[in-house]
Each structure stands twice: as structure tokens, then as C-alpha cells.
Amino acid sequence: QVQLVESGGGLVQAGGSLRLSCAASGRTFSRYTMGWFCQAPGSERRFVAAANWSGGSTYYADSVKGRFSISRDNAKNTVYLQMNNLKPEDTAVYYCAATVGTVYAVKYDYWGQGTQVTVSS
């Protein structure tokens, strides 16, 4: 069992930056691929980024390539999402999730409660 708690969301102007954090409980964090997803009002939840157990393999949605960066610190049981050059269309609730699959996995086993990111124009 893995429990995930996101933090770091907030209100930022377009072009600004935020860093989201996701703290995981348990001693098996390094066994999981970690992903970030987002869901805007009235929209389906969509994939943002994923990192494998070491962080050495990452995968991004086309819409965030070159702007967002996922990383993890297994000693701290934490995964991060650095979000740069934010756009109003990035406004959403951001969730972290854990899977035993690869960075291309479509099924995630554990989810956090989400953190709101709002980008003003």
C-alpha cells in the first residue's frame, strides 16, 4: 500500500513557474514508476509525465515537453514536477500516482488527492 500526498499548487501568472511535490509513504517507493496527471473542470484526467524507479527514464505528454520536468528523490520518498513557462491552459488539479508498470503504463495503482494549479493570463 502506498499513500501519496501532493503539495505545491497555487496561483501563478502566465509565464511563471511552480514546483509540485508528492510525498509517498512506505518503504517500497523506489519500486514504483511515478506519474503526474491533471484534470481541468469538465475534462477527462490526462497524463502529464512519468519517471521510472530511478528517474533515469522519463516520458512526457507533448503539451508539456520542454516546459515541465519530472524528477524523484528516493531517499525522501518524493517525486517532483517542475513546471516552467506556465500557460492558462495548464490550469487543473494535478495528481501524482504510482504504478508497477513502465513510464508508458496506462494503469496506475495508487493516487493522491490532488493539488490545484491556476494560471492567470
Side-chain angles (χ1 to χ4, degrees):
Q1 189 81 3
V2 177
Q3 292 184 325
L4 304 172
V5 179
E6 302 95 334
S7 61
L11 173 63
V12 64
Q13 289 188 329
S17 298
L18 281 175
R19 188 175 82 154
L20 305 183
S21 299
C22 173
S25 65
R27 293 178 290 179
T28 60
F29 176 73
S30 62
R31 298 181 184 177
Y32 292 91
T33 289
M34 298 301 296
W36 286 96
F37 293 76
C38 68
Q39 186 169 20
S43 299
E44 297 283 324
R45 185 166 57 194
R46 58 187 176 92
F47 171 79
V48 175
N52 75 333
W53 69 275
S54 68
S57 177
T58 57
Y59 179 53
Y60 295 92
D62 287 345
S63 60
V64 306
K65 282 181 182 177
R67 299 190 300 123
F68 291 10
S69 177
I70 186 171
S71 62
R72 63 191 294 165
D73 185 338
N74 288 340
K76 296 182 178 180
N77 279 13
T78 301
V79 62
Y80 305 98
L81 185 68
Q82 179 66 43
M83 310 164 68
N84 297 328
N85 191 21
L86 282 159
K87 304 176 181 181
E89 51 264 42
D90 295 319
T91 294
V93 177
Y94 282 74
Y95 300 89
C96 72
T99 179
V100 295
T102 71
V103 294
Y104 307 107
V106 295
K107 180 182 180 297
Y108 278 70
D109 305 291
Y110 302 102
W111 293 85
Q113 84 291 345
T115 186
Q116 176 70 47
V117 171
T118 303
V119 184
S120 64
S121 58

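Computed from a predicted structure; not experimentally measured.
Across Ala97 and Leu4, no two heavy atoms sit closer than the pair CA-CD1, 3.7 Å. Across Ala50 and Val103, no two heavy atoms sit closer than the pair CB-O, 3.7 Å. Across Ala40 and Thr91, no two heavy atoms sit closer than the pair CB-O, 3.7 Å. Between Asp73 and Phe29, the closest heavy-atom pair is O-CE2, 4.2 Å. The heavy-atom pair separating Ala51 from Thr58 by the smallest distance is CB-CG2, 4.1 Å. Residues Glu6 and Tyr95 share a closest heavy-atom pair of OE2-CA, 3.3 Å.
Checking side-chain atoms of Asn52 against main-chain N and O of Gly55 turns up a donor-acceptor pair under 3.5 Å. The closest donor-acceptor contact from the side chain of Thr115 to the backbone of Tyr94 lies at 3.5 Å or more, if one exists at all. Ser21 contributes no side-chain N or O that, together with a main-chain N or O of Ser7, makes up a donor-acceptor pair within less than 3.5 Å.
Salt bridge status for Asp90 with Lys87: absent, with no side-chain N to carboxylate O gap under 4.0 Å.
When hydrophobic clusters are built by joining Ile, Leu, Val, Met, Phe, Trp and Tyr residues whose side-chain heavy atoms come closer than 4.5 Å, directly or via intermediates, Val79 is not grouped with Val93.
Counting only heavy atoms from C-beta outward, the side chains of Leu20 and Met83 approach each other to under 4.5 Å. A 4.5 Å side-chain heavy-atom check between Ser63 and Arg46 finds at least one atom pair inside the cut-off. Residues Glu89 and Val119 fail the side-chain proximity criterion, which asks for heavy atoms closer than 4.5 Å. Using a 4.5 Å cut-off on side-chain heavy atoms (C-beta onward), Tyr32 and Thr99 make no contact. Using a 4.5 Å cut-off on side-chain heavy atoms (C-beta onward), Trp53 and Val100 make no contact. Residues Tyr108 and Phe37 meet the side-chain proximity criterion, which asks for heavy atoms closer than 4.5 Å.
Rounding to the nearest 0.5 Å gives a distance of 9.0 Å between OH of Tyr60 and CZ of Phe47. We find the CD-CZ distance between Gln82 and Arg67 to be 12.0 Å, quoted to the nearest 0.5 Å. Considering CD of Gln1 and OG1 of Thr28, their distance stands at 9.5 Å, rounded to 0.5 Å.
For Tyr59 and Tyr104, the distance between ring centers is under 6.0 angstrom.
Judged as a disulfide (SG to SG under 2.5 Å), the pairs with a partner in residues 85-121 (not counting sequence neighbours) are, in order, Cys22-Cys96.
Exactly one of Thr118, Leu81, Val12 qualifies for a side-chain contact (heavy atoms from CB on, under 4.5 Å) with Leu18. That residue is Val12.
Heavy-atom contacts from other residues, nucleotides or ligands closer than 6.0 Å to CD of Gln3 number 12 or fewer.
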